[in-house]
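Fair warning: this is a prediction, and the values are worked out from it, not measured in the lab. In what follows, chains are A, B, ... by sequence order, proteins preceding strands, each numbered from 1.
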Amino acid sequence: MNIFDKYLDNIKKILLDLSKKGDLILPSSLDGITAEIPPAKFDSDISTNVAMVLSKLNKKSPIDLADILSDKIKGQDKLIDEISVVKPGFINIKFKPIFWTNFIKEIIQNSKSYGINNNEAKKNYLIEFVSANPTGPLHVGHCRGAILGDVIANVLLFNKHKVTKEYYVNDYGNQIINFTKSVYFRIREISFNEPFPIDNEELYPGDYLIDFAKNILNSNKDIDFKNFNNISEKLTELAIEEALKLIKKNLKSLGINHDNFISEKKLVLNHEVEKVIEFLQKNKFVYKGKIKAPAGEDDDNWIEREQLLFKSTDFGDDKDRALQKSDNAWTYFASDVAYHKNKLDRKFDQLINILGADHAGYIKRITSSVEALSNSKGKLICKVSQLVKLIKNKKPFKMSKRKGDYITVDDLINEVGKDATRFIMLNRSSDVELDFDFDNVVEKSKDNPLYYVQYCYVRIASVFRHIGKDLKSDIKIDKYDFEYSKDEINILKKISEWPKCIDTSSNKLEPHRIPTYLFELSSLFHSYWNLGKDNPDKRFINDQKKVTNDKLIFLKAISNIIKSGMDIVGVSVPEKM
RNA sequence: GCGCUUGUAGCUCAAUUGGAUAGAGCGCCUGACUUCGGAUCAGGAGGUUGAGGGUUCAACUCCUUCCGGGCGCACCA
């Protein structure tokens, strides 16, 4: 139940009535009219901008129009206590306490569905995220995008959309050849005692490759590793298998579960690249040509080659993009276009890609290709997750590719845990660089928003424990005949904003709003809790060691929201800390 | 040079998809507490939202021109 949507509907009905009678002129669309949360200082529950939107068209001042409309609105609703018009023309609605009693009854009786938007059409989404090269463990750089993608999926799922989570495995191309060679040299190091060529910059130096090599040797005793050319294909397979095993383990420790892993190599071997290029050729999006050097580039270093290009400039890209290398092999882009054709063929309503900041330059060309393939704009949305700045001992911690100098997901989980990693990584808008302060993240205080929110739940759980009730089970009471106080209504108002929070998070694909909301709700709750210090009436457990029904329901409603919110974020809510 | 992105309190960030007097946390200054439900709370100071122009009843938000930061810019993935 979204009270803002409900009242917006009421208001629109009144507007249509008035316009039928000829008393009001309406624009062709009522989209600009909204029902909002009024700023706290106004002591009001819902506000609408309707008078300001319609004033010009009706040649009346916003205030006059608001006066007329507010009378109409109040006239048809007994639950409204007070309605006021505030400059520059807002109409503010304040409800009687009984409204909030009804409200909490409604959300307690429908606790499973509270927050879900039932008015919107449900879509079938595909979200691709992580898709890190299968050449080693995931590190912090992958982490933020991984969590972002996972939580976006959770929000959409919460809102009853269909979601498929997918990982594109780049198991084809030069990087994979270098990776296989690296594993091979580690095998030689172990089996034939030859030192690993550490100076070869093409190779992957990481120590984890020693483990890969050992695992491969142990489970493939029948293979003779002496001659690389004889076993290169098999070894590639085995090496990728090892890497994927590790990556999946990392994802699992972050609480992330993909539905599909799609292999680039399989797409190529199935000739899906040829097919998609044929398709593009038919539609004149492909031609043989040369790419010019960008301005500022030294012309002497620039080699012009004729190659197969995709006309991404037709869709606003700044240059056309190569599909084929000079040795006729497909570029990464070409197989990615094939992958996106593959996605389109599976008939999703909406495709979402989560990319790291360093791949933002890639967005234009891939959305261009999807537009060319589907003939529709906006079919693919790309979300970029900005960099994470690691801070240790109050100093920035620089990662470099040299071995031992970068932080893996494993390190992160071991040091700060899954919950803190997820909550903090998500706590900020994905568009903004994030400071990840190791010392702060493990701190158990108010400075750490995770614990602040969890502690709220713990406090509620402790009340239930004291009276021998289970917080997790549903509560049923006979009569909702009580009235909430001002302090309590204040929190109920916040609870009424929850569907709006879900809506915005879901529509804008901005899940950071959820931790922010939970923090605000928790803050109100902690304040209320502390009122009990001076005022026994505000304590949940009274002198008779009992909790009255109104308080019990009130606590349950708050804990329900915290639980659903934390479930979406993918973080636990302990009952004791 | 071009493209994307970002600039909000001393610091880290929000701001309800264009709304009202721009809000939190940290830090600073008061105050509650012999752990009672303190992993908490109450109060205070702190702002020309990088700068200018425009659109709008209304701009942190949209457009535009500058300025500063980040990322990217061949056949790598």
Asker: Quick one: does A:E202's side chain have a donor or acceptor within less than 3.5 Å of a partner on A:F179's backbone?
Answerer: no

Asker: Find the partner of B:U8: check Watson-Crick (N1-N3 plus N6-O4 or O6-N4) and G-U wobble (N1-O2, O6-N3) distances, both under 3.5 Å, and reply none if neither fits.
Answerer: none

Asker: Strictly below 4.0 Å, N to O, side chains only: are A:E272 and A:K266 in salt-bridge contact?
Answerer: no

Asker: Is A:D358 touching bases, backbone alone, or none of the nucleic acid, heavy atoms closer than 4.0 Å?
Answerer: sugar-phosphate

Asker: Please check if the number of heavy atoms outside A:E306 that lie under 6.0 Å from its CD is greater than 12.
Answerer: yes

Asker: In Watson-Crick or G-U wobble terms, both distances under 3.5 Å, what is the partner of B:G1?
Answerer: B:C73

Asker: Can you establish whether the number of heavy atoms outside A:Y172 located under 6.0 Å from its atom OH is more than 12?
Answerer: no

Asker: For a quick check of understanding: with a heavy-atom distance under 4.0 Å over all strands, which category does A:I37 fall into, base, sugar-phosphate or nothing?
Answerer: base

Asker: Identify the nucleotide, in any strand shown, that forms a Watson-Crick or G-U wobble pair with B:G46, with both distances under 3.5 Å; if there is none, say none.
Answerer: none

Asker: A:Y362 near the nucleic acid: base, sugar-phosphate alone, or nothing, with a heavy-atom cut-off under 4.0 Å?
Answerer: base

Asker: Could you give the distance separating B:A45 and B:A24 at their P atoms, to the nearest angstrom?
Answerer: 12 Å

Asker: Distance between the P atoms of B:U12 and B:A58, in whole angstroms?
Answerer: 34 Å

Asker: For B:C41, what is the paired nucleotide under Watson-Crick or G-U wobble rules, both distances under 3.5 Å?
Answerer: B:G31

Asker: Rounded to whole angstrom units, what separation is found between the CZ atom of A:F519 and the P atom of B:U16?
Answerer: 18 Å

Asker: Which nucleotide, if any, forms a Watson-Crick or G-U wobble pair with B:C62, using both distances under 3.5 Å?
Answerer: B:G54

Asker: To the nearest Å, how far apart are A:D431 CG and B:U17 C1'?
Answerer: 13 Å

Asker: Answer with base, sugar-phosphate or nothing: what part of the nucleic acid does A:V463 contact at a heavy-atom distance below 4.0 Å?
Answerer: nothing

Asker: Please indicate yes or no: is the ring centre of A:F90 less than 5.5 Å from the centre of the six-membered base ring of B:A20, with the two planes inclined by under 30 degrees?
Answerer: yes

Asker: How many Å lie between NE2 on A:H526 and P on B:A39, as a whole number?
Answerer: 11 Å

Asker: How far, in whole Å, is B:C73 from B:C29 if one measures between their P atoms?
Answerer: 48 Å

Asker: Using a cut-off of 4.0 Å on non-hydrogen atoms, how would the nucleic acid contact of A:N92 be classed: base, sugar-phosphate, or nothing?
Answerer: base

Asker: When we call it a touch if two heavy atoms are under 4.0 Å apart, what does A:Q386 touch: a base, just sugar-phosphate, or nothing?
Answerer: sugar-phosphate

Asker: Under the 6.0 Å and 45° cation-pi test, does A:K392 pair with A:F438?
Answerer: yes

Asker: Quote, to the nearest angstrom, the P distance that separates B:G38 from B:U17.
Answerer: 37 Å

Asker: Indicate, with a heavy-atom threshold strictly under 4.0 Å, whether A:S527 touches base, sugar-phosphate, or nothing.
Answerer: sugar-phosphate

Asker: Is the glycosidic torsion of B:G38 within 90° of 0, making it syn, or is it anti?
Answerer: syn

Asker: Hey, does A:Y332 reach any base, or is it just sugar-phosphate, or nothing, if we go heavy atoms under 4.0 Å?
Answerer: base

Asker: Who does B:A20 pair with, Watson-Crick or G-U, both distances under 3.5 Å?
Answerer: none

Asker: Scan A:H466 against the nucleic acid and name what it touches under 4.0 Å (heavy atoms): base, sugar-phosphate only, or nothing.
Answerer: nothing

Asker: Counting just side-chain N and O atoms, does A:K87 come under 4.0 Å of either OP1 or OP2 of B:U21?
Answerer: yes

Asker: Between B:C57 and B:G68, how far is it from one C1' atom to the other, in whole Å?
Answerer: 34 Å

Asker: Pick base, sugar-phosphate or nothing for A:S47, based on heavy-atom distances below 4.0 Å to the nucleic acid.
Answerer: base

Asker: Between B:C57 atom C1' and A:K59 atom NZ, what is the distance in whole Å?
Answerer: 15 Å

Asker: Examine distances only and state if a side-chain atom of A:H142 and a backbone atom of A:L138 form a donor-acceptor pair shorter than 3.5 Å.
Answerer: no

Asker: Take the protein atom CG of A:N530 and the nucleotide atom P of B:C41, then report the distance between them rounded to whole Å.
Answerer: 7 Å

Asker: Once you apply a heavy-atom cut-off of 4.0 Å, does A:P62 come out as touching a base, just sugar-phosphate, or nothing?
Answerer: nothing

Asker: According to the 5.5 Å centroid and 30° plane-angle thresholds, does A:W529 stack upon the nucleobase of B:G37?
Answerer: no

Asker: Ring pair (Phe, Tyr, Trp, His ring centres under 6.0 Å) between A:H466 and A:F540: does it pass, once the steps are laid out?
Answerer: CA-CA 11 Å; A:H466 272 104; A:F540 290 100; over 10 Å; no

Asker: What is the distance, to the nearest angstrom, from the CG atom on A:L355 to the C1' atom on B:C4?
Answerer: 12 Å

Asker: I'd like the C1' distance from B:G70 over to B:U35, given in whole Å.
Answerer: 46 Å

Asker: Just call it for A:F540: base, sugar-phosphate, or nothing, with non-hydrogen atoms closer than 4.0 Å on any strand.
Answerer: base

Asker: Roughly how many Å apart are B:G19 and B:A59, using the C1' atom of each and rounding to a whole number?
Answerer: 9 Å

Asker: Roughly, in whole Å, what's the span from CG in A:L524 to C1' in B:C41?
Answerer: 13 Å

Asker: Could you check whether A:S326 gets within reach of a base, just the sugar-phosphate, or nothing at all, counting any heavy atom under 4.0 Å?
Answerer: base

Asker: When you measure from the centre of the six-membered ring of A:F4, is the NZ or CZ of A:K500 under 6.0 Å away and within 45° of the axis?
Answerer: yes

Asker: Between A:F519 and A:Y452 (judged by ring centroids, cut-off 6.0 Å), do the two rings come close enough to count as a pair?
Answerer: yes

Asker: On the nucleotide B:U16, are OP1 or OP2 found under 4.0 Å from the side-chain N or O atoms that A:Y517 carries?
Answerer: no

Asker: Quantified in whole Å, what is the P atom distance between nucleotide B:U8 and nucleotide B:G69?
Answerer: 14 Å

Asker: Using heavy atoms to find the nearest nucleotide of RNA chain B for A:N427 and A:S523 separately, return the residue whose nucleotide is more 5′.
Answerer: A:N427

Asker: Could you give the NZ-to-C1' distance, from A:K533 to B:U40, as a whole number of Å?
Answerer: 8 Å

Asker: Return whichever of A:H512 or A:D327 has its heavy-atom-nearest nucleotide of RNA chain B closer to the 5' end.
Answerer: A:H512

Asker: Mind checking if A:K56 touches a base, just sugar-phosphate, or nothing, with heavy atoms under 4.0 Å?
Answerer: sugar-phosphate

